[in-house]
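Read the structure below first, then the notes.
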Amino acid sequence: MEITAQQIAAYINGVVEGNPDAKVNNFAKIEEGFEGALSFLANPQYEHYIYETKSSVVLVSKDFKPTKSVAATLIRVDNPYESIAVLLKLYESMKPKHVGIDPLAYVAPTAKIGKDVFLAPFAAVGDYAEIADGAQLHPHATVGARAKVGENTIMYSNSVVYHDCKVGNNCILHAGCVIGADGFGFAPTANGYEKIPQIGIVTIEDDVEIGANTCIDRSTMGTTIIHRGVKLDNLVQIAHNVEVGANTVMSAQAGVAGSAKIGEWCMLGGQVGVAGHIVVGDRVNAGAQSGIPGGRLIKQGNCTVMGYPAIEHANFARSAAALKNLPELVKEVNELRKEIEQLKQCKSK
């Protein structure tokens, strides 16, 4: 399917600069552009590519000022990154949806299956489970007994929703993610560690996306809850009884320990660790590899932190700069100590 620059601009409220009839039928990174491709420029570091790209149309910001001539047709928008996301979503929605239950899928006789559901070969739906309209279960996706999967939710291959857990509408569960495995609960005894039964569930609200091989543990009692709009990257660990606030995002290998409460609109970078039983306020941004054991700053929210223990990012930057000079400082301190000792000896004489 081909679409013109003018049609694109009308859809995203942009302004065409160049040939309004330029046609595109695909997407490409600006540095890998080709005729008929649509690209975007959001990062100034990539500006040099716009002067040599072969893409037919490029989205740019309204305040972009080229320093050379540009062969491609430009569409000026408020935010190129947001605009390309809108167009990619439109492109994805135009793909034909899989519908139907493959003969090799397993559906328990007591399960409820909605309209226009897709169950791929070897997908499995347990006793009394409910799969809502338009949901898709790809090969080897598994929904346990009494679990619920909402409308238009996609479960990719080998993703698992354990018994009794609930997944909302318009969610995406990527390959290998596990929803509702037992929380890490063990009681030390004289003979070793005795398992504490995890009798709670996991509740995932609408519009949540969960990355490949991410694990969200069921609660000991009650529910582990992931609120609306949360986006979790691959290899994220959410422990039992955790609550993650709406529209929070976490990068790969972030981990949240049991019973912690994460606020809304937080951003946790890669390998961030959050201690158990603490409260993280709204709009906390934590840089990669930060460790969050608690603290008033974190609880209040609206802050950016880094390091371990996590501190305000400007203080962390100053500390990191000082750390580079630490060996020389230690050497100077040792030399000063020697000089002081020598002066003391001279004075005593």
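Values below: all heavy atoms of this structure, side chains included; hydrogens, waters and symmetry mates excluded.
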message: Angle between ring planes, Y46 versus Y49, binned at 30° and 60°: parallel, tilted or perpendicular?
response: tilted
task: For the pair T153 (side chain) and C171 (backbone), establish whether a donor and an acceptor sit closer than 3.5 Å, ignoring hydrogens and angles.
output: yes
Residues H240 and T220: side-chain donor-acceptor under 3.5 angstrom: yes
query: Can a salt bridge be assigned to the pair E209 and K231 using a cut-off of 4.0 Å between side-chain N and carboxylate O?
result: no
Note, Q198 side chain near I196 side chain (heavy atom, < 4.5 Å): yes
field: Pair S61, D63: side-chain N/O donor-acceptor within cut-off below 3.5 Å
entry: yes
message: Using 30° and 60° as the class boundaries, would you call the ring planes of Y156 and H174 parallel, tilted or perpendicular?
response: parallel
- prompt: Counting N and O atoms only, with roles assigned by atom type, does the side chain of E205 sit under 3.5 Å from a partner on the main chain of H227, one being a donor and the other an acceptor?
  reply: no
Residue of the set V160, V149, V202 for which side-chain contact (heavy atoms from CB on, under 4.5 Å) holds with C165: V202
- prompt: Mind checking whether F122 and H140 have parallel, tilted or perpendicular rings, split at 30° and 60°?
  reply: parallel
field: Under-4.0 Å salt bridge between K195 and D182
entry: yes
- request: Identify whether the distance between the nearest side-chain nitrogen and carboxylate oxygen of D133 and K115 falls below 4.0 Å.
  value: no
